[in-house]
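Worksheet: one structure, shown below.
If you read the sequence from its start, that first residue is 1, and numbering goes on from there.
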Amino acid sequence: MASLTMLFSLLLIASSFVYPSKGAVSQDILKNICAKTDNHQRCIETLKFDPRTSNLSDVRDLLPISIEMAQNQTTYNLHVYQALYSNATDGSSAEESFRICMDYYVAIETKLIVIHKLSTRQHYPEISPLYDVKTFVADCSHNIDITPPPFDKINNAMYFKTQVAIAVNKYIKQ
């Protein structure tokens with residue numbers, strides 16, 4: 001019996017080296033993560049007040065959650081651009097702008113699906129696909145030929161959520 005307890009103890013210790021935990025998600029960890037974003041306080045509040053983060057025992061679980069936040073914003077933005085495209089005057093510059101933004105958001109959606117799958121398997125993706133998402137959002141914003149730009153709010157929300165996912169990924173990979 002004693003040797004079985006000893007074996008179990010050794011396996012438990014060995015597993016902590018193979019799958020090291022970054023620890024529970026504390027306020028200090030959120031501050032460290034969010035320090036790398038443009039809006040630190042909003043980042044902390046976004047992560048802290050998501051019901052899925054309240055009982056996390058491992059900070060690595062924040063990555064799929066932050067990516068899901070970006071995915072939800074992507075879905076919303078894509079629906080907005082699809083509706084605008086459907087209602088735009090045929091051949092107008094607005095119709096073309098909305099089509100281009102739809103294409104960007106379809107590409108974003110595809111990238112985020114892949115990144116999310118990797119993150120749930122604790123294969124932390126390279127950050128470059130997340131930077132691509134930020135670039136696509138910026139390109140969509142710059143492409144819209146309507147003044148004043150009424151779509152800054154949804155594109156800025158997407159940009160911010162991508163920043164949060166990048167910050168979480170960087171923290172986990174350090």
Side-chain angles (χ1 to χ4, degrees), residues 8-79 81 101-143 151-174:
F8 179 73
S9 297
L10 287 173
L11 286 173
L12 188 62
I13 291 168
S15 70
S16 69
F17 290 111
V18 176
Y19 299 107
S21 171
K22 285 278 197 172
V25 182
S26 67
Q27 184 73 16
D28 287 340
I29 288 175
L30 292 179
K31 285 180 183 176
N32 285 333
I33 290 169
C34 293
K36 296 169 180 67
T37 65
D38 292 340
N39 190 333
H40 318 307
Q41 192 57 40
R42 181 177 170 205
C43 173
I44 291 169
E45 290 169 5
T46 299
L47 291 173
K48 185 177 178 179
F49 294 114
D50 186 297
R52 298 170 292 176
T53 65
S54 61
N55 293 319
L56 290 182
S57 61
D58 192 334
V59 72
R60 295 176 294 187
D61 295 331
L62 268 181
L63 186 57
I65 292 170
S66 66
I67 293 168
E68 288 166 17
M69 290 176 184
Q71 286 177 305
N72 292 340
Q73 188 68 47
T74 300
T75 301
Y76 176 80
N77 291 15
L78 182 57
H79 288 310
Y81 286 116
C101 284
M102 283 174 23
D103 291 346
Y104 280 126
Y105 275 96
V106 167
I108 290 168
E109 198 171 46
T110 303
K111 284 187 177 289
L112 289 176
I113 288 168
V114 171
I115 292 167
H116 185 265
K117 283 181 183 175
L118 290 171
S119 73
T120 58
R121 295 182 189 133
Q122 295 189 345
H123 294 298
Y124 304 111
E126 291 302 316
I127 296 174
S128 58
L130 287 168
Y131 282 118
D132 291 345
V133 169
K134 281 175 51 176
T135 301
F136 291 164
V137 172
D139 289 348
C140 169
S141 292
H142 297 308
N143 180 64
F151 309 102
D152 281 350
K153 187 172 182 175
I154 64 171
N155 287 331
N156 287 342
M158 183 66 216
Y159 189 84
F160 169 74
K161 289 179 181 165
T162 304
Q163 259 193 342
V164 172
I166 289 170
V168 171
N169 196 20
K170 282 182 176 180
Y171 181 85
I172 292 168
K173 289 179 80 170
Q174 69 182 358

Check: [Y] main-chain N/O paired with [X] side-chain donor or acceptor under 3.5 Å:
| X | Y | result |
| --- | --- | --- |
| Asn143 | Asp139 | no |
| Thr53 | Phe49 | no |
| Gln163 | Asp38 | yes |

Quick one: are [X] and [Y] in side-chain contact, heavy atoms under 4.5 Å?
| X | Y | answer |
| --- | --- | --- |
| Thr46 | Phe160 | yes |
| Leu47 | Met69 | yes |
| Val25 | Lys48 | no |
| Phe151 | Asn77 | no |
| Leu63 | Ile67 | yes |
| Val168 | Ile65 | no |

Partner residues of Tyr131 under the side chain to side chain contact (heavy atoms under 4.5 Å, CB included) criterion, sequence neighbours left out: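 With sequence neighbours excluded, Tyr131 shows a side chain to side chain contact (heavy atoms under 4.5 Å, CB included) to Ile127, Lys134, Ile166, Lys170, given in chain and number order.
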Please name the pair of heavy atoms, one in [X] and one in [Y], separated by the smallest distance, quoted to 0.1 Å.
| X | Y | result |
| --- | --- | --- |
| Pro64 | His116 | O-CD2, 3.5 Å |
| Lys36 | Ala167 | CB-CB, 4.3 Å |
| Lys31 | Ile44 | CG-CD1, 3.7 Å |

Those residues that, when tested against Phe136, pass ring-ring contact (aromatic ring centres under 6.0 Å, His included) (two or more places apart):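 In terms of ring-ring contact (aromatic ring centres under 6.0 Å, His included), with neighbours along the sequence ignored, Phe136 is linked to Tyr104.
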side-chain contact (heavy atoms from CB on, under 4.5 Å) between Leu62 and Tyr171, intermediate numbers included: CA-CA 10 Å; Leu62 268 181; Tyr171 181 85; over 6 Å; no
Interatomic distance, Glu68 atom CD to Thr75 atom OG1 [nearest 0.5 angstrom]: 11.0 Å
Test side-chain contact (heavy atoms from CB on, under 4.5 Å) applied to Cys140 and Tyr81, step by step: CA-CA 10 Å; Cys140 169; Tyr81 286 116; 3.6 Å; yes
Exercise: do Asn155 and Tyr105 side chains pair donor with acceptor under 3.5 Å: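 A donor-acceptor contact under 3.5 Å links the two side chains.
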